[in-house]
Amino acid sequence: MRIGVPRALLYHNYRPALEWLAKENVAELVFSTATNKNKLDKGLALCDDEVCLPVKVLMGHIQSLLGEVDALFLPRVIRLEKKRYICPKFLGLPDLVRAGLGTEVPLITPVINAGWNRFRQFGEGLRGLGLGPGPSLRVLRAWGQAARAQEQERRRLADALDVPRRGKRVAVLGHAYNIFDEHLNFGILRQLSALGVEPVTTENFRREQIEEGARCLAKDLFWSYGRELVGAALYCLNSRAVDGVILVASFGCGPDSLINELISRRFSASPLPLMSIILDEHSSGIGLATRVEAFVDMLNWREMA
Ligand code: SF4
């Protein structure tokens, strides 16, 4: 069975594990190609205006896979860790897709809820890959190895802040689907590198660094990804591990409007520069490049002053 995996939303967080499963032929996974104008336009046409940009992008990816695959992998994600939640849009994604594309779209929608026991989680994961309820030894082993591939990548990336800086270093903080989708953000990481600045993302922070930052909040946040962003930003503020921070959020994102406000207020009393970028379907590559260049110029002038 050919299972379509849209290269959108949480694909960007779980890419190492998903690609490992595809490489080892554990399941016949077919990934959509990178976001482009055509996918974005199709996604826009399928969603109401108030839906956030990453969900519109998802719709475009899903439509590009229709007809190419037997079913689409679209989990209902409730919790990725105990006692914390992720944005409710992830819980309703299958319904949003059916509302936009019709009820006959073949979806595989395992429920991911870290509050459940591991056996139930595993059964749901298998169901998600179209492998049925009977776990074979091969599948069990593959599952463990995919999780290891994911963890290895996490550890590899988390070393970046420990390496001494050779030039300016800027933290580009936002959801993985905003940071690693080059069509949406006009290649902001590449733009910074081309200007001689080393970009780091939330993935480059160790778990304890994020915890250290998140502890600065008077009240713990119950959104997993939002807490990660705040934790990374406040760690930067206190440790001076970077020369500046760029927050990247999407238009129409409820959680990020609060998270970014929380971060901005903390930065307003600090000399560490902060720039906030909101991506939407009307964003211009030239406009964004100008802002990034101005930000980097300002960092360089501060050093000379
Ligand atoms: S966190 Fe924001 S951008 Fe992400 S799915 Fe929810 S509303 Fe959309």
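Note that the structure is a prediction, hence the values are computed from the model and not measured. Indexing begins at 1, ligand by ligand and atom by atom, following the structure's order.
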(message) Exactly one of Leu288, Asn260, Ile179 should register a side-chain contact (heavy atoms from CB on, under 4.5 Å) with Val248. Which one does?
(response) Ile179
(request) Please work out whether any backbone atom (N, CA, C, O) or any side-chain heavy atom from C-beta onward of Pro54 is under 4.0 Å from ligand 1, and answer side chain, backbone, both or neither. (result) side chain
(request) Decide side chain to side chain contact (heavy atoms under 4.5 Å, CB included) for Arg15 and Glu153; before the verdict, give the C-alpha distance in whole Å, the side-chain angles of both, and the deciding distance to 0.1 Å. (result) CA-CA 10 Å; Arg15 184 187 49 77; Glu153 179 70 354; 3.5 Å; yes
(message) Quick test: of every protein heavy atom, which one is nearest to atom 8 (Fe) of ligand 1, and how far off is it to 0.1 Å?
(response) Cys52 SG, 2.3 Å
(request) Give the intermediate values and the outcome of side-chain hydrogen bond (donor to acceptor under 3.5 Å, both in side chains) for residues Tyr11 and Glu19. (result) CA-CA 10 Å; Tyr11 160 85; Glu19 289 186 349; 2.7 Å; yes
(request) Decide if atom CZ of Phe186 counts as having more than 12 heavy atoms of other residues, nucleotides or ligands within a radius under 6.0 Å. (result) yes
(message) Which residue and atom name correspond to the protein heavy atom nearest atom 2 (Fe) of ligand 1, and how close is it?
(response) Cys253 SG, 2.3 Å
(message) Tell me whether Tyr177 reaches ligand 1 (any heavy atom closer than 4.0 angstrom to a ligand atom).
(response) yes
(message) Distance check below 2.8 Å: does Cys87 bring an N, O or S atom to atom 6 (Fe) of ligand 1?
(response) yes
(message) Between ligand 1 and Phe90, can you find any atom pair, the residue atom being a heavy atom, that is separated by under 4.0 Å?
(response) yes
(request) Before accepting this row, confirm whether a basic side-chain N of the pair Glu211/Arg227 lies closer than 4.0 Å to the acidic partner's carboxylate O. (result) yes
(request) Around atom 7 (S) of ligand 1, find the nearest protein heavy atom and jot down its residue, atom name and distance. (result) Lys89 NZ, 3.5 Å
(request) For His175, take its heavy atoms, then give the atoms of ligand 1 lying under 4.0 Å from any of them. (result) 1 (S)
(message) How long is the straight-line distance from CH2 of Trp20 back to CD of Gln150, given to the nearest 0.5 Å?
(response) 13.0 Å
